[in-house]
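Chain letters run A, B, ... following the sequence lines, proteins first, then strands; residues in each count from 1. Just the heavy atoms: all of them, side chains too, but no hydrogens, waters or symmetry mates, feed the values below.
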There are 2 protein chains.
Amino acid sequence: MARAGLTADRLTQAAADLADEVGLENVTVSALARHFGVKDASLYSHIRNAHDLRIRLAVLSLSELADLVSEAIGGRSGRDALVAFGLAYRGYASSHPGRYAATQLALDPDVAGESAGRYDDMVRAVLLGYGLWEPDLTDAARLVHSAFHGYVSLERSGAFHRHPRGVEASWLRSLDALDAVLRTWPTA
Amino acid sequence: MARAGLTADRLTQAAADLADEVGLENVTVSALARHFGVKDASLYSHIRNAHDLRIRLAVLSLSELADLVSEAIGGRSGRDALVAFGLAYRGYASSHPGRYAATQLALDPDVAGESAGRYDDMVRAVLLGYGLWEPDLTDAARLVHSAFHGYVSLERSGAFHRHPRGVEASWLRSLDALDAVLRTWPTA
DNA sequence: ATAATTTGCCTAGGACCTCTAGGAAGCCTA
DNA sequence: TAGGCTTCCTAGAGGTCCTAGGCAAATTAT
């Protein structure tokens with residue numbers, strides 16, 4: 001019988017597309033096997049287990065997000081960089097909800113160190129443009145990252161749909177507000 | 001044989017405790033049945049299905065969180081109210097991680113309208129103390145809620161542990177920063 | 001070109017979870 | 001105390017994760 005030509009990378013890619021279509025929680029080994037027309041057990045030659053698949057998906061997604069943000073903020077600084085970052089971030093989360101959800105999985109530092117670290121570095125790079133230094137730099141980076149993740153997460157869970165105000169408009173104003181607080185970061 | 005005396009409320013309470021112990025994703029109908037020493041099928045006289053159990057857990061948790069926050073901000077306004085809110089919010093999330101995770105489930109508006117609405121109203125009440133009005137009120141409420149949820153969510157997923165700076169210290173500074181931006185909310 | 005080795009996908013099956021159908025035993029009220 | 005309702009049961013179907021062991025295809029060595 002002809003082989004399906006599976007690899008860990010092809011599985012991860014397919015899992016990412018599946019996640020965006022049906023939600024990360026519905027990305028199962030069985031569903032993936034069905035997609036390739038093979039039996040469940042066949043996948044275990046390429047991935048260790050379901051958790052391993054999710055970790056690979058998280059690393060892929062973090063890497064894609066870092067690429068997208070990197071391109072968005074290239075050459076910009078200050079408010080321009082922050083807004084570009086915020087728009088790229090929310091854009092990725094809304095166009096790739098399953099992939100985005102995967103970026104929030106808890107990762108071993110040694111596994112995720114690279115892809116998550118790239119992302120962290122970009123946040124910090126933007127904040128350096130605001131003249132922030134340690135420990136304010138880390139505090140501000142945590143707040144900005146929190147606001148970004150919290151916004152897209154709450155938007156997706158429907159928490160914002162209880163009010164008619166446009167979600168896009170609030171996002172732009174929130175970016176303005178973050179810019180303002182970074183420009184005048186309160187010192188202890 | 002003696003009856004176990006199950007009710008939907010007792011099941012929900014036990015599910016909440018179980019969620020805090022072993023994580024929301026490990027709260028299964030089977031695990032709950034084991035806890036009460038009954039067969040899985042017995043639970044279906046009290047809950048409709050596993051999703052129904054999670055919804056009940058979400059409503060319980062949102063209600064508890066609203067109670068806690070309500071008590072924390074009682075009588076305070078402005079910065080005091082914001083900080084009390086932030087400390088109570090993060091406190092609930094860290095002492096009840098499973099319950100907190102349940103608050104983030106997407107809820108039908110008619111089901112969650114009450115408990116989630118109570119929470120929303122408290123955010124807005126604090127922001128009224130800063131002299132904010134629509135549409136800034138909603139924009140700021142979304143940003144504050146995002147920062148709160150994002151912070152505890154990222155903290156829990158380990159995103160902050162890649163840096164030695166204390167997570168508690170950053171939180172206090174982040175609350176300062178949010179207070180600052182609310183006092184000088186940038187108008188369009 | 002053929003033999004040896006590695007690799008990919010298979011069947012079989014166990015463990016756990018969700019949920020339905022239908023039955024028996026406990027509890028409440030008339 | 002008899003009827004009716006509720007609670008919990010057994011039985012079982014179907015889904016997911018994963019392991020063990022086998023055969024065949026692809027690759028490498030001879």
Nucleotide [N], atom [atom2] - distance to [atom1] of [X] in whole Å:
| X | N | atom1 | atom2 | value |
| --- | --- | --- | --- | --- |
| A:H51 | D:dC18 | NE2 | C1' | 16 Å |
| A:I47 | D:dC18 | CD1 | C1' | 10 Å |
| A:L32 | C:dC9 | CG | C1' | 15 Å |
| B:N49 | C:dA21 | CG | C1' | 17 Å |
| B:R54 | C:dC19 | CZ | P | 11 Å |
| B:L43 | D:dC8 | CG | P | 9 Å |

TODO: Write down the atom of A:A15, the atom of A:L32, and the distance for their closest heavy-atom approach.
DONE: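 Closest approach of A:A15 to A:L32, heavy atoms only: N-CD1, 3.7 Å.
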Task: B:Y119 and B:H145 aromatic ring geometry - parallel, tilted or perpendicular at 30°/60° bounds - done: tilted
Open item on the list: Tell me which residues in residues 11-29 of chain B lie within less than 4.0 Å of DNA chain D, going by non-hydrogen atoms.
Closed with: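 Within residues 11-29 of chain B, no residue comes under 4.0 Å of DNA chain D.
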Open item on the list: Among residues 35-42 of chain A, which ones have heavy-atom contacts with DNA chain D below 4.0 Å?
Closed with: A:A41
TODO: Give, for atom CG of A:L68 and atom OG of A:S95, the distance between the pair rounded to the nearest 0.5 Å.
DONE: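 Going from the CG atom of A:L68 to the OG atom of A:S95 covers 7.5 Å.
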- [ ] Measure the CG-CG distance between A:D139 and B:L172 for me, rounded to the nearest 0.5 Å.
- [x] 9.5 Å
Open item on the list: For a 4.5 angstrom cut-off between non-hydrogen side-chain atoms, does A:V152 reach A:Y92?
Closed with: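 Heavy-atom side-chain distance check fails, nothing below 4.5 Å.
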Can you check whether [X] has a side-chain N or O nearer than 4.0 Å to OP1 or OP2 of [N]?
| X | N | answer |
| --- | --- | --- |
| B:R48 | C:dT18 | no |
| A:H46 | C:dT7 | no |
| A:R10 | C:dG8 | no |

Open item on the list: Taking the basic N atoms (NZ, or NE/NH1/NH2) and the acidic carboxylate oxygens, is any pair closer than 4.0 Å for A:R99 and A:D17?
Closed with: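 Looking at A:R99 and A:D17, the cut-off is met.
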Indicate every side-chain donor-acceptor pair of residues 78-91 of chain A with a distance under 3.5 Å to a residue at least two apart or in another chain.
| from | atom 1 | to | atom 2 | distance (Å) |
| --- | --- | --- | --- | --- |
| A:R79 | NH2 | A:D176 | OD1 | 2.3 |
| A:Y89 | OH | A:Y100 | OH | 2.5 |
| A:R90 | NE | A:E155 | OE1 | 2.9 |
| A:R90 | NH1 | A:E168 | OE1 | 2.7 |
| A:R90 | NH2 | A:E155 | OE2 | 2.9 |

Task: Sugar-phosphate only, base, or nothing, as touched by A:S30 at under 4.0 Å among non-hydrogen atoms - done: sugar-phosphate
Task: Other residues, nucleotides, ligands: >12 heavy atoms within 6.0 Å of A:R165 CZ - done: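 Counting other residues, nucleotides and ligands, CZ of A:R165 exceeds 12 neighbours.
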TODO: Count the heavy atoms of every other residue, nucleotide or ligand shown that sit under 6.0 Å from CZ of B:R156, and state whether that count exceeds 12.
DONE: no
